S.K.: 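I have a structure I would like to understand better, so I am pasting it below and will then ask my questions one at a time.
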Amino acid sequence: NNMPATMSLATAEKIVDFIFARTPENETIHIGYFGGEPLLAFEEVKGITRTIESHPQFDPARVELAIVTNGTLFSDAIVRFVSDHGIRFGISCDGPAHVHDRFRKTRDGSGSAWLVDRTIRLALASLDTVLVNAVYRPETLPSLPETVDYLSELGVRHIYLNADYSAAWSSDDLAAIPDCYRQVADRYVRYYLAGEPRFISLIDSKITVILREG
C-alpha cells in the first residue's frame with residue numbers, strides 16, 4: 001500500500017503515555033510535529049496537542065511543543081493555535097529563491113521559495129518567536145553565508161543551519177567548509193557588535209560545548 005498514512009489518535013495516545021511514563025521527572029519533555037508536512041494533518045496535530053495537555057502528568061513548565069513546517073501553508077487559524085498552546089514555530093527555508101528552489105519544489109515542479117518567503121514574513125509579524133531551519137548540501141554550501149544574510153534581513157533571529165548528511169559530499173566539498181563557516185562566523189560577530197544578535201546554531205552549539213569544557 002503506497003498511500004500516505006496519517007497517525008491515528010489512538011496511536012498518538014499510546015506514544016504520549018509512553019513519553020510521560022519513560023521520561024525522568026527532572027527532564028524537560030520535547031515533542032515535535034514534523035514530516036512530511038504536519039500542517040497537512042492540522043486537525044490531527046490539534047487532537048494530539050489536546051491529548052498531551054489533558055494527560056494527568058502534563059506540566060506546561062516541563063513540556064515543550066514545536067512544529068516544523070515547509071512554509072507552504074499558513075493561516076490565521078494556525079497562528080491562533082500555535083499562540084494559544086505555546087508551540088514553537090519552525091519553518092524550513094534553505095535560503096533565497098535561487099538556493100531554496102533547487103531542492104524544494106511544489107507538486108507541479110515549480111519553486112516554493114515565494115510561498116516560504118511569504119510565510120516567514122507573516123509568521124514574524126504574528127508570532128513571538130520564529131525558528132528557521134536551512135539545510136545545505138554540496139551544491140548550496142557556497143551560498144550558506146548568503147542564506148544567513150537573507151534570513152537575517154527578513155528579520156529572523158533564530159537560524160538553524162543543518163547539513164544534509166545523506167548527500168554525496170566529496171573531499172573538495174569538505175575542504176570548502178572551513179572558509180564557508182568562517183564567513184558565517186564573521187556575520188555572527190558583526191550582528192553582536194551591532195547590538196542585534198542572532199542565534200545561529202552552527203556557532204551557538206559550539207560555544208555551549210566550550211563553556212561546558214567539552
Side-chain angles (χ1 to χ4, degrees), residues 3-23 25 27-95 100 104-108 110-135 150-162 198-201:
M3 293 294 291
T6 298
M7 181 188 297
S8 70
L9 188 56
T11 297
E13 289 172 351
K14 292 179 181 178
I15 294 171
V16 171
D17 285 338
F18 181 90
I19 290 171
F20 280 106
R22 298 300 182 93
T23 305
E25 291 185 3
E27 291 187 8
T28 300
I29 296 176
H30 302 273
I31 300 176
Y33 301 111
F34 56 93
E37 175 46 52
L39 291 180
L40 286 173
F42 186 40
E43 292 305 315
E44 286 79 2
V45 167
K46 291 193 289 187
I48 296 169
T49 301
R50 286 192 291 269
T51 296
I52 294 167
E53 293 176 342
S54 63
H55 195 279
Q57 293 174 261
F58 174 74
D59 178 355
R62 183 190 179 209
V63 179
E64 292 186 359
L65 302 180
I67 190 164
V68 180
T69 170
N70 65 19
T72 60
L73 298 171
F74 199 67
S75 67
D76 290 341
I78 292 170
V79 170
R80 286 194 300 271
F81 177 76
V82 169
S83 299
D84 290 347
H85 297 272
I87 299 174
R88 288 160 63 89
F89 194 76
I91 303 169
S92 293
C93 176
D94 296 344
H100 181 89
R104 295 188 188 266
K105 301 182 184 300
T106 59
R107 184 172 294 179
D108 65 9
S110 61
S112 63
W114 70 274
L115 280 168
V116 180
D117 183 285
R118 183 185 66 178
T119 295
I120 292 174
R121 293 174 188 273
L122 290 171
L124 287 169
S126 54
L127 297 171
D128 291 337
T129 303
V130 178
L131 319 176
V132 175
N133 175 56
V135 176
Y150 166 70
L151 295 176
S152 180
E153 288 166 5
L154 281 178
V156 179
R157 292 295 181 267
H158 299 81
I159 301 171
Y160 292 77
L161 305 175
N162 293 292
R198 277 74 159 173
F199 171 92
I200 300 179
S201 63

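In this text, all values refer to a predicted model and were calculated from it rather than measured experimentally.
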S.K.: Which atoms form the tightest heavy-atom contact between Val79 and Ser126, and what is the distance?
M.R.: CG2-OG, 3.6 Å
S.K.: Cation-pi between Lys46 and Phe42: NZ/CZ under 6.0 Å from ring centre and within 45° of the ring axis?
M.R.: yes
S.K.: Any side-chain heavy atom of Ile91 sitting closer than 4.5 Å to one from Leu131?
M.R.: no
S.K.: Which heavy atom of Val132 sits nearest to which heavy atom of Cys93, and what is that distance?
M.R.: CG1-CB, 3.8 Å
S.K.: Please confirm whether the backbone N or O of Val135 pairs with a side-chain atom of Asn162, one donor and one acceptor, at under 3.5 Å?
M.R.: no
S.K.: How about His158 and Val130: do any of their side-chain heavy atoms sit closer than 4.5 Å?
M.R.: no
S.K.: I'd like to know if the side chain of Ser83 reaches the main chain of Arg80, judged simply by a donor and an acceptor atom lying under 3.5 Å from each other, with no hydrogens or angles considered.
M.R.: no
S.K.: Does Thr106 offer a backbone N or O that forms a donor-acceptor pair with the side chain of Ser110 under 3.5 Å?
M.R.: no
S.K.: Whether the side chain of Arg157 engages the backbone of Phe199 through a donor-acceptor N/O pair (distance < 3.5 Å, no angle test) should be reported.
M.R.: no
S.K.: Tell me whether His55 contacts the main-chain N or O of Gln57 through its side chain, where contact means a donor paired with an acceptor under 3.5 Å.
M.R.: yes
S.K.: Looking at every heavy atom in both His100 and Ser112, which two are closest together, and how far apart are they?
M.R.: NE2-OG, 3.0 Å
S.K.: Is the CZ atom of Phe58 crowded by more than 12 outside heavy atoms at less than 6.0 Å?
M.R.: yes
S.K.: Quick one: closest heavy-atom pair of Asn70 and Val116, and the distance?
M.R.: O-CG2, 3.2 Å
S.K.: Does any part of the side chain of Thr129, heavy atoms only, come nearer than 4.5 Å to the side chain of Arg88, both counted from C-beta?
M.R.: no
S.K.: Looking only at heavy atoms, which two atoms of Ser152 and Ile159 are closest? And how far apart?
M.R.: N-CD1, 4.4 Å
S.K.: Do Arg121 and Asp117 meet the salt-bridge criterion of a basic N to acidic O distance under 4.0 Å?
M.R.: yes
S.K.: If you draw a 6.0 Å radius around CG in Asp128, do more than 12 non-hydrogen atoms from other residues or ligands fall strictly inside?
M.R.: no
S.K.: Report, as yes or no, whether the 6.0 Å neighbourhood of atom CZ on Arg198 holds more than 12 heavy atoms from other residues, nucleotides or ligands.
M.R.: yes
S.K.: Can you tell me if CD on Glu25 sees more than 12 non-hydrogen neighbours from other groups inside 6.0 Å?
M.R.: no
S.K.: To check you understand the geometry: which heavy-atom pair defines the closest contact between Leu73 and Thr69, and what is its length?
M.R.: O-OG1, 4.4 Å
